[in-house]
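Heads up: the structure comes next, in structure tokens.
Counting starts at 1 for both ligands and their atoms, in listed order.
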Amino acid sequence: MEASVGIRARPGAWAGLEKPRGAYSARVPAARLTAEKLPPRLALGTDLRRSADPALRAAKLKASCCKKSAGTVLKRSTTLLMKLSYYSDKLVEKAVGISSVAEIFQLHSEAFFRDNESEVLRDLSSMHRLVVATGGGAVIRPINWSYMKKGLTVWLDVPLDALARRIAAVGTASRPLLHQESGDPYAKAYAKLTSLFEQRMDSYANADARVSLEHIALKQGHNDVTILTPSTIAIEALLKMESFLTEKAMVRN
Ligand SMILES: Nc1ncnc2c1ncn2[C@@H]1O[C@H](COP(=O)(O)OP(=O)(O)OP(=O)(O)O)[C@@H](O)[C@H]1O
Ligand SMILES: O=C(O)C1=C[C@@H](O)[C@@H](O)[C@H](O)C1
């Protein structure tokens, strides 16, 4: 996850959640964004097709900017609307017949990976009712936006420090654009993520909705993005998508 929108949002996409999952329940402050407090049409498991909101009813909801966990939650949360969720990196691996992105970069090249990534996104763009978590670099090719914009795009905006900590904790071997043989893994990952983000931030800003983990944490009264759960992030993504659709409908009318 060198990058993250594509909804991998910033390089590194979403989340510094490297701690054991069991630890969260004790540490997570009571979330303000609970399913009960959501408008009924966005409550988890609700059939969005019956929504009173025509924009939501009509939406072919395709969130191409969520990462794997948030994407999975989004799919589960909208079971009746979404049928499938995909992670484009995995589809590229499958298409190429090589089991890791790192190896694809090594045996072929970044350009070869990007060509395959574009083909995967093109194929997904003709499908309906799915959630796609893209690789973080998917944002850099304008053609990919023409595919991703067939649906709703969401930028999961994760602080670079949280991304660097998570990456340093698990190692950079699987992340070809971040991998360094020597040096402090956190410092190297942070420096590289920063330069990638500088190159890509205008592209991430093309997303229809931005979900800032910093903002969610602040709403919950703290500043630790590492304790936000995929469900909390997915709920915020649904709310942001709803706002986007509402504003779009208002402009149209
Ligand atoms: N249900 C969960 N509860 C808490 N943390 C989780 C949960 N699911 C995943 N995580 C953690 O959230 C972080 C982000 O996971 P995820 O795989 O979605 O991110 P990603 O950006 O797709 O990752 P990568 O870029 O490495 O492919 C990981 O550290 C993962 O361990
Ligand atoms: O940010 C990037 O450019 C990348 C992110 C990963 O998901 C992979 O798609 C690949 O490692 C490139």
> In terms of atom number and element, which parts of ligand 2 are under 4.0 angstrom from non-hydrogen atoms of Gly137?
Replying inline: 1 (O), 2 (C), 3 (O), 4 (C)

> Backbone or side chain, does any N or O of Ser174 fall under 3.5 Å from an N or O of ligand 2?
Replying inline: no

> Just wondering, do Met148 and Ser125 contact through their side chains at under 4.5 Å, heavy atoms?
Replying inline: no

> Does Glu110 come within less than 4.0 Å of ligand 2, judged by its heavy atoms?
Replying inline: no

>> Are any of the N/O atoms on Arg200, whether in the backbone or the side chain, positioned under 3.5 angstrom from an N/O atom of ligand 2?
In response: yes

>> Is it the case that ligand 2 has an N or O less than 3.5 angstrom from some N or O of Gly135?
In response: no

> With sequence neighbours left out, what residues match Lys90 under salt bridge (Lys or Arg N to Asp or Glu O under 4.0 Å)?
Replying inline: Glu93

> Atom OG in Ser212, atom CH2 in Trp155: separation rounded to 0.5 Å?
Replying inline: 8.5 Å

> Under a 4.0 Å N-O cut-off, is there an ion pair linking Glu236 with Lys219?
Replying inline: yes

> What atoms of ligand 2 come within less than 4.0 Å of a heavy atom belonging to Arg114?
Replying inline: 2 (C), 3 (O), 12 (C)

>> Can you list everything that forms a side-chain hydrogen bond (donor to acceptor under 3.5 Å, both in side chains) with Asn116? Sequence neighbours excluded, please.
In response: none

> Does a side-chain N-to-carboxylate-O contact under 4.0 Å join Arg165 and Asp161?
Replying inline: yes

> Considering only heavy atoms of Pro176, which atoms of ligand 2 have at least one such atom less than 4.0 Å away?
Replying inline: 11 (O)

>> With heavy-atom distances below 4.0 Å as the criterion, list the atoms of ligand 2 near Asp89.
In response: 6 (C), 7 (O), 8 (C), 9 (O)

> Contact between Lys90 and ligand 2, counting heavy atoms under 4.0 Å?
Replying inline: no

> Ion pair present between Asp208 and Lys149, side-chain N to carboxylate O less than 4.0 angstrom?
Replying inline: yes

>> Taking 4.0 angstrom as the limit and counting only heavy atoms of Leu177, give me the atoms of ligand 2 inside it, by number and element.
In response: 2 (C), 3 (O)

